Amino acid sequence: MSKTIKILGTGCPKCQSLTGVVKDVVSENNIDATIEKVEDIMEIMKYNVMTTPALVIDDVITIKGRVPSKEEVLALLN
């Protein structure tokens with residue numbers, strides 16, 4: 001079953017790093033996932049996230065305000 005991954009962030013360097021880490025993990029591990037970047041501040045606020053970047057997996061906020069390691073992202077996706 002495909003996972004839906006959302007990266008909440010306004011395009012800051014940390015948000016771009018998080019996007020890179022997530023894309024790497026998904027491709028390196030052949031994970032069936034859709035990655036969506038959410039840059040609209042009103043959309044981000046719907047998640048009640050005040051610190052970006054944030055990682056949302058299947059509508060659950062898993063990480064906010066920091067860039068996780070590839071291992072941490074892989075563990076969250078398994």
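No experiment lies behind these values; they were computed from the predicted model shown.
The CD1 atom of Ile5 sits 13.5 Å away from atom NZ of Lys37, with the distance rounded to the nearest 0.5 Å. Atoms CG and CG, on Leu77 and Asp32 in that order, are 11.0 Å from each other to the nearest 0.5 Å.
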Under 3.5 Å, sequence neighbours excluded: what are the donor-acceptor pairs made by side chains of residues 12-24?
unit_1	atom_1	unit_2	atom_2	d
Gln16	NE2	Gly11	O	3.1
Ser17	OG	Pro13	O	3.0
Thr19	OG1	Cys15	O	2.9

Return all side-chain donor-acceptor pairs below 3.5 angstrom for residues 41-49, not counting sequence neighbours, or 'none' if the list is empty.
unit_1	atom_1	unit_2	atom_2	d
Glu43	OE1	Lys46	NZ	3.1
Tyr47	OH	Lys6	NZ	3.2

Distance-only check: which donor-acceptor pairs under 3.5 Å involve side-chain atoms of residues 53-67, not counting sequence neighbours?
unit_1	atom_1	unit_2	atom_2	d
Asp58	OD1	Thr4	N	2.8
Thr62	OG1	Leu55	O	2.9
Arg66	NH1	Glu72	OE1	3.1
Arg66	NH2	Glu72	OE2	2.7

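Put simply, Ile35 and Leu76 are part of the same group of oily side chains (I, L, V, M, F, W, Y) that touch within less than 4.5 Å, one to the next.
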